[in-house]
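For reference, the structure discussed in these notes is given below.
Given the structure is predicted, the values throughout are model-derived calculations rather than measurements.
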Amino acid sequence: MAERTEDLDGQPVHWREDDHDGIPTVYLHGVPNSAEIWAPFIARTGGLAVDLPGFGRSGKRADLAYDIRFYDAWLERFMDWRELETINLVVHDWGAVGLVWAQRFPDRVNKLVVIDAVPLLPGYKAPAHVKALRTPVVGELLVGAMSSRLIKLLLRGANVDKLPAEFFTSLLRDFDQGTQRAILKLYRSVRPGTLETAGRNLLQIEAPALVVWGAADPYLPAGLAISYANALGGETEIEVFDRAGHWPWADRPEVIDRVATFLA
């Protein structure tokens, strides 16, 4: 698996890539992760996973918006730059920004996989830690105080089983001031109705889809899997994994098999 960093519009972009047959798969991570979480998937399916701006080893300029509109436009630029005309798209958590791009270019999506993704849907109420991040001063203090011990404490209930050590190694390595700033800007850009508006054209995505969810996700209830399936315009399969949390493949490695089989 190759790791590459090149400049796009004067900013470094880092991604992981492996050979693939046919249509490439693009993986989009969420908060606070990077492309590294997708390594076991890419090993099975090939394709690429990019560090979104503000995360991992991509650029983290202070003057960028880091909101849904920004990531949508950036993904369009990245897809065209890498000449990714038709893709399979896999999103997790805030990787759901890729669904905004997909609504504008539905004909470029061959297959879609949604895994415990931030709901671009009506009626979602953010959990307490998100509300804290949105609060001025409180949010800055919270992200600024993030140590290894505190992060492990905050994520202790995210999954059924203990998250692996390498998960925290990469997270802490990249959790610098630039990533902290991007997280605060992203969460604070969301107002009542923002997510619903961002997903208003999900029905336009008619590609075959697989919605995967961890039944024990404490942040995004498993009922959202059905809501996403109903909102998409194509034939959609739903797979809710018992004893699995927000990163369901960490609890149930067969999630990787399920996704790879669907994409194949």
Side-chain angles (χ1 to χ4, degrees), residues 8 15 20 22-31 38 41 45 47-50 52-53 65-126 186-187 189-213 217 220-240 258-264:
L8 173 61
W15 71 94
H20 61 271
I23 294 172
T25 299
V26 175
Y27 292 90
L28 298 178
H29 67 84
V31 174
W38 296 118
F41 289 85
T45 68
L48 65 89
V50 63
L52 293 170
Y66 300 112
D67 58 10
I68 293 175
R69 181 179 296 181
F70 163 76
Y71 283 113
D72 174 30
W74 185 89
L75 282 169
E76 179 182 358
R77 181 80 177 94
F78 177 79
M79 299 291 188
D80 293 344
W81 177 55
R82 301 311 306 165
E83 299 180 346
L84 297 166
E85 186 58 34
T86 301
I87 64 166
N88 299 319
L89 180 63
V90 182
V91 304
H92 173 256
D93 191 78
W94 268 107
V97 294
L99 299 176
V100 183
W101 173 87
Q103 289 172 79
R104 294 196 296 117
F105 300 99
D107 293 340
R108 294 174 67 175
V109 182
N110 178 63
K111 288 186 177 182
L112 172 66
V113 180
V114 178
I115 307 175
D116 292 73
V118 169
L120 307 185
L121 303 164
Y124 173 67
K125 294 184 178 180
L186 176 58
Y187 280 122
S189 70
V190 176
R191 297 288 183 266
T194 298
L195 297 178
E196 180 179 359
T197 299
R200 63 184 178 275
N201 293 316
L202 284 171
L203 201 63
Q204 299 294 324
I205 306 175
E206 297 182 345
L210 170 65
V211 179
V212 173
W213 226 268
D217 188 331
L220 303 171
L224 291 170
I226 297 174
S227 300
Y228 252 124
N230 291 336
L232 295 168
E235 183 178 345
T236 304
E237 304 172 34
I238 303 174
E239 189 88 37
V240 177
R258 182 69 173 92
V259 171
T261 300
F262 174 78
L263 294 177

ask   = Can you check side-chain contact (heavy atoms from CB on, under 4.5 Å) on T197 and R200, steps first, answer last?
value = CA-CA 5 Å; T197 299; R200 63 184 178 275; 2.9 Å; yes
inquiry  = Applying side-chain contact (heavy atoms from CB on, under 4.5 Å) to L195 and I68, what does each step give before you reach the verdict?
reply    = CA-CA 9 Å; L195 297 178; I68 293 175; 4.1 Å; yes
With side chains defined as the heavy atoms from C-beta onward, is the minimum distance between [X] and [Y] less than 4.5 Å?
X: Y187; Y: W94; result: yes
X: V26; Y: M79; result: yes
X: I115; Y: V259; result: yes
X: V100; Y: Y71; result: no
X: D217; Y: L224; result: no
X: H20; Y: T45; result: no
X: E85; Y: R108; result: yes
X: Y66; Y: S189; result: no

Looking at [atom1] of [X] and [atom2] of [Y], how far apart are the two atoms once the value is rounded to the nearest 0.5 Å?
X: I205; Y: F105; atom1: CD1; atom2: CZ; result: 12.5 Å
X: L84; Y: L48; atom1: CG; atom2: CG; result: 5.5 Å
X: K111; Y: L89; atom1: NZ; atom2: CG; result: 13.5 Å
X: H92; Y: L28; atom1: NE2; atom2: CG; result: 12.0 Å
X: L220; Y: D93; atom1: CG; atom2: CG; result: 6.5 Å
X: L112; Y: L202; atom1: CG; atom2: CG; result: 9.0 Å

query = Take atom CZ in R104; do more than 12 heavy atoms of anything else shown fall under 6.0 Å from it?
reply =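 It does: R104 CZ has more than 12 such atoms within range.
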Taking all non-hydrogen atoms of both residues, which atom of [X] and which atom of [Y] are closest, and how far apart?
X: F78; Y: L8; result: CA-CD2, 4.2 Å
X: P106; Y: Q204; result: CB-O, 3.3 Å
X: F262; Y: A209; result: CZ-C, 3.5 Å
X: I238; Y: I226; result: CD1-CA, 4.0 Å
X: Y228; Y: L120; result: OH-N, 3.1 Å
X: L203; Y: L232; result: CD1-O, 3.9 Å

ask   = Taking the six-membered ring for Trp, are Y27 and F41 parallel (under 30°), tilted (30 to 60°) or perpendicular (over 60°)?
value =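 Y27 vs F41 ring planes: tilted.
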inquiry  = salt bridge (Lys or Arg N to Asp or Glu O under 4.0 Å), that's the test. Do D67 and R191 meet it? Break it down for me.
reply    = CA-CA 11 Å; D67 58 10; R191 297 288 183 266; over 6 Å; no
task = Answer yes or no: is there a donor N or O on one side and an acceptor on the other, between the side chain of E237 and the main chain of P208, under 3.5 Å?
result =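 Side chain of E237 to backbone of P208, a donor-acceptor pair under 3.5 Å: no, none is there.
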query = Under the 3.5 angstrom rule, does the side chain of H29 hit a backbone N or O of L52 as a donor-acceptor pair?
reply =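 Between the backbone of L52 and the side chain of H29 there is a qualifying donor-acceptor contact (under 3.5 Å).
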ask   = Given the rule in the side-chain contact (heavy atoms from CB on, under 4.5 Å) test, do W101 and V109 qualify, once you have shown the distances and angles that lead to the verdict?
value = CA-CA 10 Å; W101 173 87; V109 182; 3.9 Å; yes
ask   = Which is it for L263 and V90 under the side-chain contact (heavy atoms from CB on, under 4.5 Å) test, yes or no, and what are the steps along the way?
value = CA-CA 10 Å; L263 294 177; V90 182; 4.1 Å; yes
